**Student:** 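Got a structure for you, questions after.
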Amino acid sequence: MTTSVSIKDLSLSFGNVKVLESLDLEVAQGEFIVLLGPSGCGKSTLLNCIAGLLDVSDGQIFISGKNVTWDEPKDRGIGMVFQSYALYPQMTVEKNLSFGLRVARMPKAEVDARVKRASEILQIEPLLQRKPVELSGGQRQRVAIGRALVRDVDVFLFDEPLSNLDAKLRNDLRIEIKRLHARLKNTMIYVTHDQIEAMTLADRIAIMKNGVIQQLADPHTIYNKPVNLFVAGFIGSPSMNFIKGDLSGTTLSVDGQANIPLGNYQFANQTNGASVLGIRPEHIVVGEDARKMPVQMESEIEIVEPMGADTVAWTKIAGQSLTFRAAAEVHLEPGQKVLIGFDPGRGSVFNAASGNRI
Amino acid sequence: MTTSVSIKDLSLSFGNVKVLESLDLEVAQGEFIVLLGPSGCGKSTLLNCIAGLLDVSDGQIFISGKNVTWDEPKDRGIGMVFQSYALYPQMTVEKNLSFGLRVARMPKAEVDARVKRASEILQIEPLLQRKPVELSGGQRQRVAIGRALVRDVDVFLFDEPLSNLDAKLRNDLRIEIKRLHARLKNTMIYVTHDQIEAMTLADRIAIMKNGVIQQLADPHTIYNKPVNLFVAGFIGSPSMNFIKGDLSGTTLSVDGQANIPLGNYQFANQTNGASVLGIRPEHIVVGEDARKMPVQMESEIEIVEPMGADTVAWTKIAGQSLTFRAAAEVHLEPGQKVLIGFDPGRGSVFNAASGNRI
Amino acid sequence: MTTEAISSGFSTGPTATTGPRGPKPKTVTIGRIGVYAFLILSAVFFLLPLWVMIVTSLKTMPEIREGHLFNWPALLTFDPWLKAWDTACTGRDCNGLKPGFWNSVKITALSVPVSIVIAMINGYALSFWKYKGSELLFGILIFGAFVPFQVVIYPLIIGLSKIGLFATLPGIVVVHTIFGMPILTLLYRNFFASLPIELFKAGRVDGAGFWGIFFRIMLPMSVPITIVAIILQVTGIWNDFLFGTVFAGRENMPMTVQLNNIVTTTTGIREYNVNMAATILTAAVPLVVYFISGKWFVRGIAAGAVKG
Amino acid sequence: ADVEVIHWWTSGGEQAAVSVFAREFDALGGDKWVDTAIAGGENARSATLQRILGGDPPGAAQFNPGRQYEELIAGNMLLDLTDLATKENWAGFIRPASISEACLVDGHWWCVPVNIHSWNWAWASVPAFEKAGVELPTSFDDFLSKAPKLQEAGIIPFAIGGESWQINGAFGVIQTSLLGLEKREKILKDKDLELAKAEMPAVFEKFRQFKQFSDAGSANRNWNDTTNLVVTDQAGLQVMGDWARGEFGVAGEKAGVDYACLALPIDHPTVSTGGDIFLFPKQSDPAVEAAQLKMASMMVNPQVQALFNNAKGSMPIRDDVDMSLADDCMKRGLEIIKDPANIAVDAGRWQSNDTTGQFNDLVAQFWADDAMTVEAAAEQYVTILQNAD
Amino acid sequence: MQSVLGTTPMIATAIGVFVICIIFSIIWSFTNSKLFPNFNFIGLAQYERLWANDRWNISVRNLAVFGVLSIGISMVFGYLLAVFMDQRIKQEDLFRSIFLYPFAMSLVVTGLVWQWMFDPNLGIQSAVRQLGWANFEFAPLVKQETALYGLVLGGLWNGVGVTMAILLAGLRGVDSEIWKAAKVDGIPTWKTYLFIVLPMMKGAVATAFILQMTGIVRVFDIVIAMTQGGPGVSTQMPAVYVIQHITDRVNVGQGMAAATMMLLPVIILIGLQYLLQWNAQRKARKAA
Ligand SMILES: Nc1ncnc2c1ncn2[C@@H]1O[C@H](COP(=O)(O)OP(=O)(O)OP(=O)(O)O)[C@@H](O)[C@H]1O
Ligand SMILES: Nc1ncnc2c1ncn2[C@@H]1O[C@H](COP(=O)(O)OP(=O)(O)OP(=O)(O)O)[C@@H](O)[C@H]1O
Ligand SMILES: [Mg+2]
Ligand SMILES: [Mg+2]
C-alpha cells in the first residue's frame, strides 16, 4: 500500500484558538477517507490545510511522497469540491471546467479533450454552454466535481459536497461519487457530517472531535466497535442506547434495579466501576425473538415512530430511556407492555469516567 | 370529528404562474398534517395562504369554522414557526416570546404566565434572558416554537422548522415536537421535505406536486399503498424499485426475459398494458429466506452500501436495476451471485401511462 | 375579481361556502393615502429647487429682479442657456462653459476608472489577501476620509511636483484617486467580504494567483457595486472645483472652474438666469448618470454596502 | 513667450478691462497673454500661492495690495522689477506715493499697482430721499437723524449686505470718518493700544446705530443685490466701493439725477488706496522673464492705464492719463486723490491678512449679534491689535 | 506579497499622504508658519489663540449642532422615505430618482439654490407673501439663531436621498421570514419597522453614518455658498476656519492647530472602537 497523503504532526491555530493539534493521518493510494464529526470540529480546516489554502502552524504534509507543506494549492496535485459549489458565476460550465487549465496555459486541444472527458463521465455535455445560474443544484454540484476532474490529479478533496442538496438528489449523487471513485481509483478525502454518506462511501472513516481524530477505521469497525462514548453516540441513527451502571466483574448493576450480565462481551481491558453499556437500537429485539436473548426484560412503550420500512419505539429500563427498532410489520403502540431482549456481546462497554471502550 | 382547518377550492398565482390550483384540504381538530413534496411544489405557499401571509387568488379558508379568507394573520388563531427561526435578534428570548402579546396589550401578569408556561413546556427557562445569537440552533428553534406557543392558538403551522439543523439535533427536536403535539393536542400543519419527519410525525401526510395534492392519507397507507408512481417514488429511502413490464391478466412480462406472477396482488381496477411493478427494497429478501417468496430469481450484486444498521445492495433483474436492503450481518459483496425473492402482493402496480395505481 | 367575490357571497350552495372568498378586496386605506401624501410632499421638497433653477434660467433679468421666484417666466427666453454655454465670460475669454466641458470629460473619464480599479484592488486584497498591517492601513484610510482636503494639499503639491506630476492630467487623476480611495475601498471591501470565500479558494486550487483571481473571477462579479462606485465618483469628480484649480494645470481646468467664474463675482454684475442655466448645464452629466443608472444604485448598495 | 496670468476678473465689466491688458500685451508682439481666470479673490490667490509652491508658478498673478505676498518677497520667489522701475521712473509718476508702498519694499519693486479702488463712497437714491421728503445727508450723523423719515416712507434707510467684507468695509469708512486719518493711522499702523481703547468704543457705538436702519434681508446678501435696492429706490443709502457705480450704469441711471455718489467723509472726503496689483513670480525661462518685464511695463503705460481704468471704472495709478470719459463720480475721486493729505492708506498694508480676517470676524459678529456689547467688541478689537504681527 | 504589491497605491496613500500629512499638520501646529510652513516652534501658542477665539468656539459648537441635527434628521427622514418606498408603491423608480438626484449636484450649487430659496425678498417667504399671507416669515438664513438650521436643511436636501437608498437596500436585505413572523405575531407594521427591522440593519446604518460623517466633518462648500459663515460668525464651521487660515489668511500654523483639533475626536473615536473590538475579542477568547 503506497501512501498518497500523509499528514505529520499537523497543528493549526487561528490566533489563540487551536483548531488542530498534532494531527497525524496516513491515506493510502486510491483510498476513500471520510472525515466525519460535529460542526466546528475542524474538518474543513484540515481539508484546507491539505489543499494549501491555510498555512499550517506546525507539522508537515506529504502528497504522493512529496513534501508539499509550503507549496501552492495548484502545485499539490489536488482537486477540490466545495459545499457551496463555488462555481464562477460569470463563466459558462465549459469555462468553469477549463479555467484552471487555461490559467496553467495548457494547449487548447488538451484542454478540450479533458473537458470532454470530464463532461462525459459526469454526463454534463448538454450543459456546457450554460451558466451556473441556469443549472439545478445537482447539476451545479456535478460541474463542481468536474472542475476537480479535469485537473487530472491524484487526490480529490470534497468539503461537504452534497449538503446543500435535497435528500433525493443527495442519494443519487452519493451513488455517483461512489461510482466515480470505483472508476477513477483516485485518493479521495471527503468531509461530511452525514453519517449515511460516511458509512456508504468510506474505505475508512476518521471521526473527529475538537480537532482530534477519535477513531480512524473502516465503517464496520466504527459502527460496531466504537473506541469511545463520543464515537459510539455520534454514529448511528437512531443513536446508540447508553445504559449507565456500575460494573463489577462481568455484571453491570443498573441503579440497583437491574443486573445485566456481560458474560459474552469481550472486554479489551476490563476495569470495574462506573461504566456505560452501549447497545444499538437494531440489536434489541422484541416479542418472541427476545426470549432467545441473554438479557430480557419487560417494558412499556412510550412513543412509536413508524418510519415506513421499520418502526422505532421508545421505552425505559430501570429509569433509563431506550430506543429500539422493529420491523414495520410488528404492531407496537404507546402504553403497550412488551418483552425486549438483547445480547450484550454485540454491545460496547465504556468506562464512564474516561469514556473509553473497555 | 370537528374540522379545524378547511380549505376550499384554493387557487393562488404569482402573476401568470399558477402555484396552487383548486386545492381542497380538510384538517380535523387535533390532527397532525404534514405537507410533503419536492422543492417548489407549493408547500410554503399553501402554508402562507393558511396563515394569511399571502392573499389568495380564489377560494376560501376556514379555521375553527370561521371564514378567515380575508382576516389578518393575527386574527386567524394560528401560530407559525419558520425554517430560519425568524427570531428578533435584538430581543432576549423572553422579549421574543412576549412581544406579540405586549403589542396586543395583554395584561402583564397574563403575559408572564404564558411565557412561563411555554418556557416550561420547551424547557428554555434558563435561556430567557439570552439573545438569539447566544443560543444554539436547537435552542433557537425551540424559542421559535415557543413564540407560537404563547399565542395559545388552535392551529400551529410549521414551515420546515428543522431543516436548518444538523441530523442529530433534527432527530431530537422531532421527538420533542411529537411530544408537544401529544401534550397540547392542537391542530398542526407541518411542511417538510424530509420523509422521516413526515412519516414519524404525521397523522396524515399530504404529498404535493406542482401545487396539487397527490395523496392525502396516513403514513402507513402512503408508504404501502401509494396512489401513483410519483408518490411511490418520492416516499421511501432507498426508494422503491420500479420494474417496467407488460401486464396481461395477472402476469407482468418484463422485457420478455422474465414473467412475474401478480396472483396475490389485490388490484383495485386492473388494466392490461404497459405497467410498472413497484417493490420496496426492504420487501426483497435474499438468501435462504428468498426461497419462501412467490417470486425468486438469481442476480449479481453490483454495489454494496453498508449503512451500519443494515446494508443496501444494488443489483439488476432483466436489465432493470434493483435495490434491496439486508441486515448488516448478511455478508454481501460486489460480483457475488445471490438468490433474491419478494412477494408482489406487498408491492404496488401502476399503469405506466397514467402513473396511477391499479 | 371583486364582483365575483361578491356574487359568490350571495350564492346559497349546499355547503357553508358563504362569506369572503378569493382575494381580499383592495380598499383605499388612510395609511395608503398617507404613504403617497408623504412621498409626494417629499418629492415636492426635492424638486422645488430644481424648479426654481429651471424657471429662473428661462427668465429675463428684469423679471428676476421683480421676485416671484417660483413663477413660470412671463417672457420665456432661452438666451441665458445660449449665453451660459457659448458666450458668457469666464475671464478674458467669453466662450461660455463649452471649453471646460471637454476638460471635465477628460478628467472624469480618466479618474473614475483609475480610482475605481485601485479601490477595487484594495478591497479585494483586504478581503482575500490580508497581510500583516493591512487592517491598520485600512483604518488609516478610513481616518483619512475625515481629513479636510486642504490640510493635505500642501504635502501633496510638494510630493506631486517632486515626481513631476503637478499641474498635469495624470496629477489630477492621482489626486482624485487618493481622495476617492477611503470610501470606495470601504465599499469594495464590504462587497468582497460578502462573497463566498469558496470562490476564492476554488480559484487558488485552479492555480490562479492574486491577479488571476482578481481579473478573471472577482472583477466580472463586482458589477453591482461598481455601478455604485461609478455614480459616486462621477458626481464627486465632476463636481470638484478645489483640486481642479490646483492640480489639473491650466490646460485642463474643469468645467466647474468656469461655472464658478460665471457664477461667482466679487465686484461684478450678476446674471442669475445665466448662472442658473450654467449650473444646470454643469450638473447635467452627473444627473444623466443618475437617471440612467439610478435603478441599479439601490441594488448595488444592497450587494455590498449594507454588510457590516 | 507665453505668460500665464491668474486673476479673478470674471464679470462682464471686469472682462472688458482685462481684455485691454491682454490685447495691448499681445500687440507688443512676440509674446502671448495666457488667461487663467479663477473667480473669487480667495480662490485665485490660493491657487497662485499653491502653484508657486508646487513649482509651477504663473507668469503673473493678481493680488490686492497687502502683506499676503511678503513671504514670497522674503523667499525671493518674485521677479525683481527694480531695474525696470528705475529706468521708467515709476516712483516719479505713480501717485499717490502711498500706493507704491505696496510694491516698493526696501528699495526694490516687487509688483505693479494697476489701479485704485476706493471704499469711501456712499451711494444714495435721490428719489428715495425725495419720497421721504428729506435732503441728501451731509454727514453720518445727519443721515442717522434723517433715517427714521426714510423708514416711515417705507424705504430701507441703510442698505448693506451681510457678507463680512461688506460690513467691514462700511465699518472702515465709518471708522475713518469718526477718527480722522491721523488717529486711524496711529491705531492701525502704529498699533497704539491706548488710543484704540479710548476711541474704538465710540466707533462701535456709532456703527451699531446704523443697524436699526438696515433691513431683515441683509444677511448673506450680495453687494450688488444690495446696490440694486438703491437702484430701484427701495433703499436710501449704501456704503460701498467705487465699483458700485457699474450697477447704476447698467441700470441706465444718471448720476446726480437718479442717484448721488457721496465721497466720504462728506465734510472732508478721502480716498482709500485699495485696488489691484500684479506679482510676477520668478520663472526659469529667460524668455518668459523678458516677457514679464514687458508686461509690467505695459501695465503702467499711460495709454493702457487710460483704457484699462476707463473699462474697469477704477482710478489710474498715474496722473497723466486721459480720463475724460470718466463720469462725475470718478472725476470727483480723481479730484480728491490729488491731495496726498486725502489719502487713506489701505489698512491691508499694515496688517497681515490674518489680522484683517480677525477684524472682519469681529465686526461681522458685532453687527449680527446684538447681544455683543460695545465694550466687549472694543476690548476684542484691542486684543487683536495687540496680537497683530 | 502580490497583495502588498497590489495595494501599493493604498499603502502610499495611507502612509504617504494621510499619515505624513497628519504628522506634518501636528508639527506645523506648533510653529508660527505663515504662508509657507516653517519650523519655528512656538509651543502651544497656536492652540491658546485657537481656544481663546470666539469664532473657533462657535464653529465647534456649530459643528456639533449641525452634525447631530443633520445625521439625526437624515437618518429619520431617510428611513421614513425608505420605509414608504418599501410599501410596494407605484412609480418607485420615479420617486427614487427624485430623492436621489440632488446628490448629483455639487454642494456649491446646493448652497446657491437654497440661499435663494431662503432669501426673504426673492424666495419662499416673498412667494408666500405674494399669495396673501403678508406676515409669513421663512428666511432662516438672515437670523443668527436660525441660520444654522437653514444650512442643515440645504445639506439634507442634498444627502437624504443617499441615506434613503442605503437604508432601503438594508431593508430589502432583511429576511422575509422575519416579516412573516411579525405579521403572525400581530405586530403593527410601524412597530415592526421600528423595533424589529431597524435594529437588524446595523450594516446599512453604519455605512450611511460613515458616509455622512465624512461629509459633515469636512463641511465647507455649502457653508461658503449659503452663508459664508454668517450672519456674523453664527454659521462658521471648523473646516472653514482651517481652510481660511491655511489659504487666504496665510496663517498655516493656526490652520494646522485647528485641523489637529478637528482630527482629535476622530482619532479618539477610532481608537475607542479598536479598543472595544480588542476587548470583545479578548472576551470571546476567554469564553472559548
Ligand atoms: N478564519 C477563522 N478564524 C478563526 N476561527 C476559525 C476560522 N475558520 C474556522 N475557525 C474555527 O475553527 C474551528 C473549526 O472550523 P471548521 O470550519 O474546520 O469546522 P468544520 O468541522 O468544517 O465544521 P462544519 O461542519 O460546520 O463545516 C471552528 O471552531 C471555527 O470557529
Ligand atoms: N413571491 C413569489 N413570486 C413568484 N413566484 C413565487 C414566489 N414565491 C414562490 N414562487 C414560486 O411558487 C412556487 C412554489 O413555491 P413554494 O415556496 O411554495 O415552494 P415550496 O414547496 O415551499 O418549496 P421549498 O421546499 O423549496 O421551500 C415555486 O415555483 C416558486 O418559484
Ligand atoms: Mg466545514
Ligand atoms: Mg418552502
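Letters A, B, ... mirror the listed sequences (proteins, then strands); counts begin at 1. Just so you know, these numbers use all the heavy atoms, side chains as well, and skip hydrogens, waters and symmetry mates. None of these values were measured; they are calculated from a predicted model.
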**Student:** What part of E:Pro9 is in contact with chain C, defined as an atom under 4.5 angstrom from a non-hydrogen atom: side chain, backbone, both or neither?
**Tutor:**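 The answer is both parts of E:Pro9.
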
**Student:** Going by the salt bridge (Lys or Arg N to Asp or Glu O under 4.0 Å) test, which pairs reach into residues 239-250 of chain E, not counting sequence neighbours?
**Tutor:** D:Arg45-E:Asp248, D:Asp361-E:Arg249

**Student:** Would a distance-only check, ignoring hydrogens and angles, find a side-chain to backbone donor-acceptor pair under 3.5 Å from C:Lys59 to C:Asn71?
**Tutor:**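 Side chain of C:Lys59 to backbone of C:Asn71: a pair is present.
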
**Student:** Checking an interface table here. Which of residues 90-100 of chain E come within a heavy-atom distance under 4.5 Å of chain C?
**Tutor:**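 Near chain C, by residue number: E:Lys90, E:Asp93, E:Phe95, E:Arg96, E:Ser97, E:Ile98, E:Phe99, E:Leu100.
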
**Student:** Please determine, among E:Gln87, E:Met117, E:Met85, the option with the most heavy-atom pairs under 4.5 Å with chain C.
**Tutor:** E:Met117

**Student:** Can you tell which part of C:Trp238 gets under 4.5 Å to a heavy atom of chain E, answering side chain, backbone, both or neither?
**Tutor:** neither

**Student:** Could you pull out all residues at least two apart from C:Phe214 that satisfy ring-ring contact (aromatic ring centres under 6.0 Å, His included)?
**Tutor:**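 Partners of C:Phe214 under the ring-ring contact (aromatic ring centres under 6.0 Å, His included) test: C:Tyr124.
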
**Student:** Please look at C:Thr177 and chain E and tell me whether the side chain, the backbone, both or neither of the residue comes under 4.5 angstrom of a heavy atom of that chain.
**Tutor:**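 No part of C:Thr177 comes within 4.5 Å of chain E.
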
**Student:** Among C:Ile121, C:Ile140, C:Val52, C:Asn122, single out the residue with the greatest number of heavy-atom pairs under 4.5 Å to chain E.
**Tutor:**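 Most heavy-atom pairs within the cutoff with chain E belong to C:Asn122.
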
**Student:** Side chain of E:Gln254, backbone of E:His245: donor and acceptor closer than 3.5 Å?
**Tutor:** no

**Student:** Do any N or O atoms from the side chain of C:Thr29 and from the backbone of C:Arg32 form a donor-acceptor pair under 3.5 angstrom?
**Tutor:** yes

**Student:** Under 4.5 Å from any heavy atom of chain C, what part of E:Leu107 do you find: side chain, backbone, both or neither?
**Tutor:** neither

**Student:** For chain E, which of C:Tyr36, C:Trp129, C:Phe210 has the most heavy-atom pairs under 4.5 Å?
**Tutor:**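 Most heavy-atom pairs within the cutoff with chain E belong to C:Phe210.
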
**Student:** Under the ring pair (Phe, Tyr, Trp, His ring centres under 6.0 Å) rule, what do C:Trp51 and C:Phe70 come out as? Steps first, then yes or no, please.
**Tutor:** CA-CA 7 Å; C:Trp51 172 255; C:Phe70 301 96; 8.7 Å; no

**Student:** Which atoms of C:Ile40 are under 4.5 Å from chain E, going by heavy atoms: the side chain, the backbone, both sets, or neither?
**Tutor:** both

**Student:** In Å, rounded to the nearest 0.5 Å, how long is the span from OH of E:Tyr79 to CG of E:Leu168?
**Tutor:**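 Here the interatomic distance stands at 10.5 Å.
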
**Student:** Between C:Ile178, C:Leu39, C:Val35, C:Ile231, which has the largest tally of heavy atom pairs under 4.5 Å with chain E?
**Tutor:**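 Of C:Ile178, C:Leu39, C:Val35, C:Ile231, C:Leu39 has the most heavy-atom pairs under 4.5 Å with chain E.
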
**Student:** Is it the backbone or the side chain of E:Thr7 that comes under 4.5 Å from a heavy atom of chain C, or both, or neither?
**Tutor:** both

**Student:** Taking all non-hydrogen atoms of both residues, which atom of E:Gly111 and which atom of E:Met226 are closest, and how far apart?
**Tutor:**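 Taking E:Gly111 first and E:Met226 second, the nearest heavy atoms are O-CG, 3.1 Å.
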
**Student:** Heavy-atom distance under 4.5 Å to chain C: side chain of E:Val108, backbone, both or neither?
**Tutor:**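 Contact with chain C involves no heavy atom of E:Val108 at all.
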
**Student:** Checking heavy atoms, do the side chain of C:Ile183, its backbone, both or neither come under 4.5 Å from chain E?
**Tutor:**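 For C:Ile183, side-chain heavy atoms alone lie under 4.5 Å from chain E.
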
**Student:** Specify which of E:Trp28, E:Phe103, E:Phe84 makes the most heavy-atom pairs with chain C at under 4.5 Å.
**Tutor:** E:Phe84

**Student:** Do E:Ser74 side-chain atoms and E:Val160 backbone N/O form a donor-acceptor pair below 3.5 Å?
**Tutor:** no

**Student:** Of the non-hydrogen atoms in C:Tyr188 and C:Ala119, which two are nearest, and what is the gap between them?
**Tutor:**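 So the two residues come closest at CB-O, 3.9 Å.
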
**Student:** Against chain E, label C:Phe297 side chain, backbone, both or neither, depending on which of its atoms sit under 4.5 Å from a heavy atom there.
**Tutor:** side chain

**Student:** Identify which part of C:Leu50 has an atom lying under 4.5 Å from any heavy atom of chain E, answering side chain, backbone, both or neither.
**Tutor:** both

**Student:** For chain C, find which of E:Arg172, E:Met164, E:Met105 contributes the most heavy-atom pairs closer than 4.5 angstrom.
**Tutor:**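 Ranked by heavy-atom pairs under 4.5 Å with chain C, first place is E:Met105.
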
**Student:** Using a 3.5 Å distance criterion without hydrogens, assess whether the side chain of C:Asn239 forms a donor-acceptor pair with backbone atoms of C:Thr235.
**Tutor:** yes

**Student:** Of the backbone (N, CA, C, O) and the side chain (C-beta and beyond), which part of E:Ile22 lies under 4.5 Å from a heavy atom of chain C, both, or neither?
**Tutor:**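 Contact with chain C is through the side chain of E:Ile22 alone.
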
**Student:** What part of E:Ile20 gets closer than 4.5 Å to chain C, counting heavy atoms only: side chain, backbone, both or neither?
**Tutor:** neither

**Student:** Does atom CZ (E:Phe77) have a neighbourhood of more than 12 heavy atoms from anything else shown, all under 6.0 Å?
**Tutor:**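 Yes, because the 6.0 Å sphere around CZ of E:Phe77 holds more than 12 heavy atoms from other groups.
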
**Student:** Against chain C, work out which of E:Ile124, E:Val109, E:Ile89, E:Val17 has the most heavy-atom pairs shorter than 4.5 Å and name it.
**Tutor:**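 Most heavy-atom pairs within the cutoff with chain C belong to E:Ile89.
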
**Student:** Measure distances from C:Val152 to the heavy atoms of chain E and classify the residue's part below 4.5 Å as side chain, backbone, both or neither.
**Tutor:**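 When you check distances to chain E, atoms from both the backbone and side chain of C:Val152 fall under 4.5 Å.
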
**Student:** If I measure from the heavy atoms of chain E, does C:Ile118 come under 4.5 Å with its side chain, its backbone, both, or neither?
**Tutor:**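 Just the side chain, heavy atoms under 4.5 Å.
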
**Student:** Okay, side chain of E:Thr214, backbone of E:Leu211: is any donor-acceptor separation there less than 3.5 Å?
**Tutor:**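 Between the backbone of E:Leu211 and the side chain of E:Thr214 there is a qualifying donor-acceptor contact (under 3.5 Å).
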
**Student:** Can you tell which of C:Phe291, C:Phe138, C:Trp211, C:Tyr272 has the highest number of heavy-atom pairs within less than 4.5 Å of chain E?
**Tutor:**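 Heavy-atom pairs under 4.5 Å are most numerous for C:Tyr272.
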
**Student:** What part of C:Phe143 is in contact with chain E, defined as an atom under 4.5 angstrom from a non-hydrogen atom: side chain, backbone, both or neither?
**Tutor:** both

**Student:** How about C:Phe45 and E:Trp114: are their ring centres within less than 6.0 Å of each other?
**Tutor:** yes

**Student:** Closest approach of E:Leu167 and E:Gly78, non-hydrogen atoms and distance?
**Tutor:**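 Heavy atoms only, the tightest pair is CD1-C, 4.0 Å.
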
**Student:** Among the options E:Met256, E:Met262, E:Met213, pick out the one with the most heavy-atom pairs lying under 4.5 Å from chain C.
**Tutor:**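 Max contact count across the listed options: E:Met213.
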
**Student:** Sorted by first residue and then second, give each side chain to side chain donor-acceptor pair (under 3.5 Å) pair with at least one member in residues 99-110 of chain E; sequence neighbours left out.
**Tutor:**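 Of all non-adjacent pairs touching residues 99-110 of chain E, those that pass side chain to side chain donor-acceptor pair (under 3.5 Å) are E:Thr110-E:Asn158.
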
